[in-house]
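In what follows, a single structure is set out as structure tokens and then discussed.
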Amino acid sequence: VQLQASGGGLVQAGGSLRLSCVASGITFDDYAIGWFRQAPGKEREAVSCINSNDGTTYYADYVKGRFAISRDSAKKTVYLQMNSLKTEDTAVYHCAARREAYYSGTYWTSIFAYDYWGQGTQVTVSS
């Protein structure tokens, strides 16, 4: 199983980035895909998630209205469009896969509900 995250980089505050997470080795449509981030010295926190079964999307309050998550089942890829980036968005962003048959969307913020994790992509927002 592999989750390959990409698309990170250095951007100025107010700018945009689009992250991608490509999945392999899993039945993609059985899994919700979430994005988490971890800044130096801080705990990993949930950013967003998208279900496969009903397409429901979830956003943390600190990114709501600025980030948008989507998925392309044919490409086994989930995207995270990040707009109006702030310096506090600086972190390593990880995608993760949650088996929907075991954990519903209620658990989308829990790292323990996710079976597989990608290696992360660095997002740095400068002022």
Side-chain angles (χ1 to χ4, degrees):
V1 177
Q2 189 172 18
L3 297 175
Q4 184 70 43
S6 63
L10 174 63
V11 64
Q12 286 191 328
S16 299
L17 285 172
R18 189 176 80 156
L19 305 184
S20 298
C21 176
V22 181
S24 60
I26 60 172
T27 302
F28 188 69
D29 289 345
D30 287 344
Y31 288 83
I33 304 296
W35 286 97
F36 290 74
R37 68 187 186 186
Q38 189 165 19
K42 294 188 177 181
E43 292 187 353
R44 191 167 295 191
E45 61 182 11
V47 174
S48 183
C49 182
I50 184 166
N51 286 351
S52 176
N53 54 7
D54 60 7
T56 300
T57 58
Y58 305 88
Y59 297 96
D61 287 344
Y62 34 83
V63 304
K64 203 170 290 184
R66 300 188 296 122
F67 290 12
I69 192 169
S70 61
R71 66 189 288 154
D72 184 334
S73 291
K75 295 182 179 180
K76 296 186 177 182
T77 301
V78 169
Y79 303 99
L80 185 67
Q81 178 66 43
M82 306 188 297
N83 300 325
S84 303
L85 283 161
K86 304 176 181 180
T87 55
E88 51 263 45
D89 294 319
T90 295
V92 176
Y93 284 70
H94 299 267
C95 58
R98 170 172 53 81
R99 187 75 184 265
E100 290 178 324
Y102 300 153
Y103 290 100
S104 71
T106 302
Y107 300 94
W108 82 269
T109 61
S110 173
I111 62 173
F112 303 105
Y114 292 81
D115 300 298
Y116 306 109
W117 291 82
Q119 86 292 351
T121 184
Q122 176 71 46
V123 171
T124 303
V125 184
S126 63
S127 58

Can you tell me how far the [atom1] atom of [X] sits from the [atom2] atom of [Y], to the nearest 0.5 Å?
| X | Y | atom1 | atom2 | result |
| --- | --- | --- | --- | --- |
| His94 | Thr121 | NE2 | OG1 | 9.5 Å |
| Cys49 | Tyr107 | SG | OH | 14.0 Å |
| Tyr62 | Glu45 | OH | CD | 3.5 Å |
| Arg44 | Arg37 | CZ | CZ | 13.0 Å |
| Arg98 | Ser104 | CZ | OG | 7.0 Å |
| Thr56 | Ile69 | OG1 | CD1 | 11.5 Å |

Greater than 12 external heavy atoms within 6.0 Å of Glu88's CD: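 Enclosed.
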Residue pair Val78, Cys95: steps toward the side chain to side chain contact (heavy atoms under 4.5 Å, CB included) verdict: CA-CA 9 Å; Val78 169; Cys95 58; over 6 Å; no
Nearest non-hydrogen partners of [X] and [Y], listed with the distance:
| X | Y | answer |
| --- | --- | --- |
| Leu3 | Ala97 | CD1-N, 3.7 Å |
| Ser84 | Ser16 | N-OG, 4.4 Å |
| Cys21 | Ile33 | SG-CG2, 4.4 Å |
| Thr77 | Ser20 | CG2-CB, 4.3 Å |
| Tyr116 | Tyr31 | CE1-OH, 3.6 Å |
| Trp108 | Tyr114 | O-OH, 2.7 Å |

Audit row: Phe28, Ser73, side chain to side chain contact (heavy atoms under 4.5 Å, CB included) steps and yes/no: CA-CA 7 Å; Phe28 188 69; Ser73 291; 4.1 Å; yes
Hydrophobic cluster identity match, Leu80 and Trp117, side-chain contacts under 4.5 Å: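 Different hydrophobic clusters.
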same_hphob_cluster(Tyr59, Leu19) at 4.5 Å side-chain heavy-atom cutoff: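 Same cluster.
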Main-chain N/O of Ala91 paired to Gln38 side chain as donor or acceptor, under 3.5 Å: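 Side chain of Gln38 to backbone of Ala91: no pair is present.
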Verdict with supporting geometry, Asp89 and Met82, side chain to side chain contact (heavy atoms under 4.5 Å, CB included): CA-CA 10 Å; Asp89 294 319; Met82 306 188 297; over 6 Å; no
Axial cation check for Tyr79 ring with Arg18, 6.0 Å and 45° limits: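 Relative to the ring axis of Tyr79, which defines the angle, Arg18 lies inside both limits.
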Short N-O contact, Asp61 and Lys64, less than 4.0 angstrom: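 Looking at Lys64 together with Asp61, the answer is yes, because their closest N to O distance falls below 4.0 Å.
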Is [Y] close to [X] at the side-chain level, that is, under 4.5 Å between some pair of heavy atoms?
| X | Y | value |
| --- | --- | --- |
| Val125 | Lys86 | no |
| Val1 | Asp115 | no |
| Leu10 | Gln122 | no |
| Val92 | Phe36 | no |
| Ser52 | Arg71 | yes |

Pair Gln4, Ser6: side-chain N/O donor-acceptor within cut-off below 3.5 Å: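 Gln4 vs Ser6: no donor-acceptor pair found between side chains.
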Set of side-chain hydrogen bond (donor to acceptor under 3.5 Å, both in side chains) partners for Tyr58, sequence neighbours left out: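 Only Asn51 meet the side-chain hydrogen bond (donor to acceptor under 3.5 Å, both in side chains) criterion with Tyr58.
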